[in-house]
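A short worksheet on the structure shown next.
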Amino acid sequence: QLQLVESGGGLVQPGGSLRLSCAASELPYYAVGWFRQAPGKEREGVSCISTSGGSTNYADSVKGRFTISRDNAQNTVYLQLNTLKPEDSGAYYCAAVSVLSTGWGTCSTREDEYEYWGQGTQVTVSS
């Protein structure tokens with residue numbers, strides 16, 4: 001059972017930055033996605049990175065502002081959030097799916113593609 005641990009959330013002013021981390025012992029063998037959920041809204045896919053790290057995807061709303069990356073030596077996937085807006089606020093979750101299911105070179109921002117979920121970290125963008 002893969003246990004994902006997110007960290008890095010917090011309160012930041014509009015235009016600010018945060019770096020979220022998602023860590024797990026076997027993470028190098030999983031594709032990873034980041035999702036977010038604002039109060040009263042459905043959870044949405046934000047970004048994903050393939051097991052190999054060679055493929056990434058982003059929601060249109062975050063393209064050019066968010067960057068996903070992975071450091072397999074640290075068993076960690078990062079989501080760098082720049083130029084934050086109030087509408088970026090919400091609970092951010094990382095999720096993982098095994099390379100046996102998805103292969104080395106692809107990833108998805110569809111919730112139903114993922115097998116394991118973290119507990120979430122809160123991001124609040126407010127002045």
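Below, each value reflects all heavy atoms present in this structure, side chains not excepted, and no hydrogens, waters or symmetry copies. The residues of the chain are indexed from 1 along the displayed sequence.
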### Heavy-atom donor-acceptor pair, Tyr58 side chain to Ile68 backbone, under 3.5 Å
yes
### Glu87 CD: over 12 foreign heavy atoms closer than 6.0 Å
yes
### Message
Classify the ring geometry of Tyr116 against Tyr30: parallel below 30°, tilted from 30° to 60°, perpendicular beyond 60°.
### Response
perpendicular
### Glu115 side chain to Ser98 backbone, donor-acceptor under 3.5 Å
yes
### Query
Where is the tightest heavy-atom contact between Cys107 and Ser50, given as atom of each residue plus distance?
CB-N, 3.8 Å
### Message
Tell me the closest heavy-atom pair linking Leu20 and Gly9, and the distance in Å.
### Response
CD2-N, 3.6 Å
### Message
What I'd like to find out is whether the side chain of Ser55 reaches to under 4.5 Å of the side chain of Thr106, using heavy atoms alone.
### Response
no
### Message
Ignoring hydrogens, what is the shortest heavy-atom contact between Trp117 and Glu111? Give both atom names and the distance.
### Response
CZ2-O, 3.8 Å
### Message
Nearest 0.5 angstrom please: Ser61 OG to Lys85 NZ, how far?
### Response
8.0 Å
### Summary
Rounded to the nearest 0.5 Å, the CG atom of Leu4 sits from the CD atom of Glu26 at a distance of 11.5 Å
## Note on the structure
residues 28-40 vs salt bridge (charged side-chain N to carboxylate O under 4.0 Å, His left out), sequence neighbours excluded, gives Arg36-Glu44, Arg36-Asp88
### Summary
To the nearest 0.5 Å, atom CG of Asn75 lies from atom OG of Ser25 at 6.5 Å
### Query
Looking at Thr56, Thr76, Leu27, which hits side-chain contact (heavy atoms from CB on, under 4.5 Å) with Arg70?
Leu27
### Message
We want to know whether Ser126 and Thr124 form a side-chain donor-acceptor pair, criterion being a heavy-atom distance below 3.5 angstrom.
### Response
no
### Query
What are the two closest non-hydrogen atoms of Ser17 and Thr83, and how far apart are they?
OG-N, 4.3 Å
### Message
Parallel, tilted or perpendicular: which one describes the rings of Tyr92 and Phe66, with boundaries at 30° and 60°?
### Response
tilted
